[in-house]
Amino acid sequence: VEMERRLKKEAQQLMEAFEAERQKRVKADAKASESFGNEVRDLQDLVEMERKAREEGTRTLVSLIEKFSLRLQEDLLVEKKEREQSEETILRMLEECTNRMDHK
């Protein structure tokens, strides 16, 4: 009878120890899951920040290229007008020179 009582007491203590250990594991698992979730969210935030930075960089680059292209087109038009004016001046001078030679 004494042995049976002792075995029941030890069995109860073992069950309590097992339950306490199980509770510790459950808490540790919950903490690990929460920590993992936080790390994943932090990583997602970093990925989103990088994506936005790349998008902004791309927009900036496209804008700079468009501005450069417009500036180049404007410069080419100015050069074309200057060349046309020079050609007109040369043609007018040749015409005047030819007219003088014809009148001599």
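Numbering starts at 1 and runs along the sequence shown.
Between the OG1 atom of Thr89 and the CE atom of Met93 there is a distance of 8.0 Å, given to the nearest 0.5 Å. Note: Glu96 CD to Arg100 CZ = 6.0 Å, rounded to the nearest 0.5 Å. If you take CE on Met15 and CZ on Arg22, they are separated by 10.0 Å, rounding to the nearest 0.5 Å. With rounding to the nearest 0.5 Å, the separation of CD in Gln73 from NZ in Lys80 is 12.5 Å. Taken to the nearest 0.5 Å, the CD atom of Gln85 stands 10.0 Å off from the CZ atom of Arg92. Ile90 CD1 to Glu88 CD: the interatomic distance, rounded to the nearest 0.5 Å, is 11.0 Å.
By the neighbour-count criterion of 12 heavy atoms within 6.0 Å, atom CZ of Arg59 is densely surrounded, having more than that number from other residues, nucleotides or ligands. Other residues, nucleotides and ligands contribute more than 12 heavy atoms inside 6.0 Å of the CZ atom of Arg51. The local environment of CD in Glu4 is sparse, with at most 12 non-hydrogen atoms from other residues, nucleotides or ligands closer than 6.0 Å.
Applying the side chain to side chain contact (heavy atoms under 4.5 Å, CB included) test between Lys52 and each of Glu48, Met49, Glu56 identifies Glu48 as the sole match.
Leu46 has its side chain out of reach of Asp42: every pair of non-hydrogen atoms, C-beta onward, lies at least 4.5 Å apart.
Between Arg71 and Asp75 there is a salt bridge, since a side-chain N of the basic residue sits under 4.0 Å from a carboxylate O of the acidic one.
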>> Working note: Glu16 + Gln12, criterion side chain to side chain donor-acceptor pair (under 3.5 Å); need CA distance, chi angles, decisive distance, verdict.
In response: CA-CA 6 Å; Glu16 289 171 1; Gln12 182 64 31; 3.2 Å; yes

>> Using salt bridge (Lys or Arg N to Asp or Glu O under 4.0 Å), reason through Glu84 and Lys81 one step at a time and then give a plain yes or no.
In response: CA-CA 5 Å; Glu84 288 173 349; Lys81 287 180 182 180; over 6 Å; no

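A side-chain donor-acceptor contact under 3.5 Å links Thr58 to the backbone of Arg54. At distances below 3.5 Å, at least one donor-acceptor pair connects side-chain atoms of Thr98 with backbone N or O atoms of Leu94.
Two different hydrophobic clusters hold Leu64 and Leu72 under the rule that ILVMFWY side chains link at heavy-atom gaps under 4.5 Å.
Applying the side chain to side chain donor-acceptor pair (under 3.5 Å) test to pairs two or more places apart or on separate chains, those with a residue in residues 30-40 are Asn38-Arg41.
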